[in-house]
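As structure tokens, the structure follows; a few thoughts come after it.
All of these numbers come straight from a predicted model, not from anything done at the bench. Letters A, B, ... are given to chains in the order of the sequence lines, protein chains preceding strands, and every chain is numbered from 1.
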There are 2 protein chains.
Amino acid sequence: METKKDSTEEKILEAAKNVFVAKGMEGARMQEIADEAGINKALLHYYFRTKERLFEAIFSGIIKLAFPKIMTIVQSEASIVSKIEQIVDAYIDLLIKHPFIPGFVLKELNRDPSGLFKLVVKFGLNPQSVFDQIEQAMDRGEIRRMKPQHLLSNIVSMCVFPFAARPILSFILFKDDPSALEAFYNERATVIKEFVINAIVIKK
Amino acid sequence: METKKDSTEEKILEAAKNVFVAKGMEGARMQEIADEAGINKALLHYYFRTKERLFEAIFSGIIKLAFPKIMTIVQSEASIVSKIEQIVDAYIDLLIKHPFIPGFVLKELNRDPSGLFKLVVKFGLNPQSVFDQIEQAMDRGEIRRMKPQHLLSNIVSMCVFPFAARPILSFILFKDDPSALEAFYNERATVIKEFVINAIVIKK
DNA sequence: ATATGATTTAACCACTTAGTTAAACCAAAC
DNA sequence: GTTTGGTTTAACTAAGTGGTTAAATCATAT
């Protein structure tokens, strides 16, 4: 009996994820996906008629991983500082589990940004409400004044970029000790939270 | 008379840069490069025998833009805070002039990290000396204590990521006002410097 | 046993790609 | 005016690519 995990469809999705992540939509070959899944090309097309459809399935699956958790934090009742801490924790936690996401998403959104449009609509994302929350906290004197776009960019950059640039970090910062890279990623949440709080919280 | 700028070779390099940056090594087509350069495919191969060689010329040219300036700042005699400010200024200045670099470099280094190895050797890059400088400043109590790798990651992330994720910023943060994106990039250096200094400088 | 659906095999198509080649063309230098 | 080197044209190759097809196989449920 086959569990859902090793059904052919699951094997294909897993293989396709690996190949698409490693090679991108353009670089991925259907033959390679079939090989990685341990099946043949005919059966691969039998399940997912075209490369486009298969890619779409993978891509939307990856995106769905990231959005919902962030949204619930944003819409909660916590203080702005607490929300920032929660978002950093959630981001780093997700990225440690799925470190390939940033590189993959960046590559594909640069190739075809139209996918982003659909997603923003689909998830009903509204950045203005986030900007408002941040500006209200500044009005109350909780955090230093700066454009919300800059604050968000700073936080997301520090969370995401070290994963997008993993090969570079691995080589420049940790070329002698690869296991130190894992330790580094595990420290990120704590470091970023402290860094941001020192940067923006006004001490009384 | 032809200046060096509109010689055929220069036209090819310019066209190839545009196409490689937009489509990546895999996605770029020799025919498209030839069209963009206003010549034909035969002549393109006449100048650069293979796609590989042409790509190599473009890639190393782009990298050479970034490294040297950073190196001279690192090796100067300024204080650590001053060096950080100079590096942020230099990075943002470069990226405003060549905003495509981060996306391109990330994509190609994820595809084939071996190029990085050659570059590090070629430029004689030694991160340990940077780590030492940072740790000595911490010993002197100038800045808060943290692992140098984290500090460097934070700074570089905030400089580079918003350019790598340009389509995302453009859509999420500035979808109603595209010209605001340019203004945003022009503010980055000031914002990042202030942010970092607030985060790490110990006030007496 | 038979019917069904998953899977394999292997050939095939239409198309695109990088790269090559041979011939002609053209402008400027000699 | 002939040579030369950059340039075009147009055809070609060799090797992939995504995708299709038809037939055979295999396991399982009925």
Side-chain angles (χ1 to χ4, degrees), chain A residues 1-62 104 107-108 110-112 114-115, chain B residues 1-62 104 107-108 110-112 114-115:
Chain A
M1 143 198 171
E2 288 200 338
T3 75
K4 193 165 193 184
K5 276 227 156 169
D6 36 309
S7 78
T8 300
E9 184 163 345
E10 287 294 323
K11 280 193 317 196
I12 291 176
L13 287 172
E14 175 68 18
K17 192 196 77 182
N18 293 338
V19 176
F20 277 132
V21 161
K23 310 275 178 84
M25 163 72 176
E26 320 249 25
R29 303 292 150 211
M30 294 298 269
Q31 185 60 60
E32 190 180 351
I33 294 173
D35 292 346
E36 179 114 350
I39 58 166
N40 50 29
K41 205 178 49 152
L43 190 61
L44 179 58
H45 280 96
Y46 175 80
Y47 273 85
F48 297 86
R49 287 261 294 276
T50 70
K51 192 185 185 184
E52 295 272 338
R53 290 197 198 186
L54 180 55
F55 179 80
E56 184 61 29
I58 302 297
F59 188 76
S60 70
I62 285 174
F104 180 69
K107 186 192 300 180
E108 298 308 327
N110 265 310
R111 188 179 61 87
D112 173 22
S114 73
Chain B
M1 149 197 175
E2 291 201 337
T3 76
K4 193 166 193 183
K5 277 228 156 174
D6 42 319
S7 77
T8 300
E9 183 162 347
E10 288 293 324
K11 280 193 317 197
I12 291 176
L13 287 172
E14 176 67 18
K17 193 196 78 181
N18 293 338
V19 176
F20 277 132
V21 161
K23 310 275 178 88
M25 163 72 177
E26 321 251 26
R29 304 290 155 219
M30 295 297 271
Q31 185 60 60
E32 190 180 352
I33 294 173
D35 292 345
E36 178 116 352
I39 58 165
N40 49 30
K41 207 178 47 155
L43 191 61
L44 179 58
H45 280 95
Y46 174 81
Y47 275 85
F48 297 87
R49 288 260 293 277
T50 70
K51 192 183 182 182
E52 294 271 338
R53 290 197 198 185
L54 180 54
F55 179 80
E56 184 63 28
I58 302 296
F59 188 76
S60 70
I62 284 175
F104 181 70
K107 187 194 297 183
E108 297 309 328
N110 264 311
R111 190 179 59 87
D112 174 22
S114 74

(request) Salt-bridge test for E32(B) and K23(B): reply yes if a basic N is under 4.0 Å from a carboxylate O, no otherwise. (result) yes
(request) Answer yes when E56(B) and R53(B) have at least one side-chain N-carboxylate O distance shorter than 4.0 Å, and no when they do not. (result) no
Whole-Å distance between [N] [atom2] and [X] [atom1]?
X	N	atom1	atom2	answer
H45(A)	dT8(C)	NE2	C1'	16 Å
K41(B)	dT20(C)	NZ	P	10 Å
E9(B)	dT7(D)	CD	C1'	15 Å
L43(B)	dC26(C)	CG	C1'	14 Å
N40(A)	dA11(C)	CG	P	14 Å
L44(B)	dT8(D)	CG	P	11 Å
Y46(A)	dC26(D)	OH	C1'	14 Å
Q31(A)	dT8(C)	CD	C1'	13 Å

(message) Quick check on dT7(D): is either OP1 or OP2 less than 4.0 Å from any side-chain nitrogen or oxygen of T8(B)?
(response) yes
(message) Does dT17(D) have OP1 or OP2 under 4.0 Å away from a side-chain N or O of R29(A)?
(response) yes
(request) Would you sort out whether E9(B) and F48(B) count as a side-chain contact (heavy atoms from CB on, under 4.5 Å), showing the intermediate values? (result) CA-CA 9 Å; E9(B) 183 162 347; F48(B) 297 87; 4.2 Å; yes
(request) Report which part of the nucleic acid F48(A) touches: base, sugar-phosphate, or nothing (heavy-atom distance under 4.0 Å, all strands). (result) nothing
(request) Looking at every strand, decide which applies to A28(A) at a 4.0 Å heavy-atom threshold: base, sugar-phosphate, or nothing. (result) sugar-phosphate
(request) Classify the side chain of K51(A) and the base of dG19(D) as holding, or not holding, a donor-acceptor pair under 3.5 Å. (result) no
(message) Less than 4.5 Å apart, side chain to side chain, heavy atoms only: is that true for I12(B) and L54(B)?
(response) yes
(message) Quick one, E36(B) and E14(B) - any side-chain contact, counting heavy atoms below 4.5 Å?
(response) no
(request) Name the closest nucleotide to the T50(B) side chain, picking from dT21(C), dG19(C), dT8(C). (result) dG19(C)
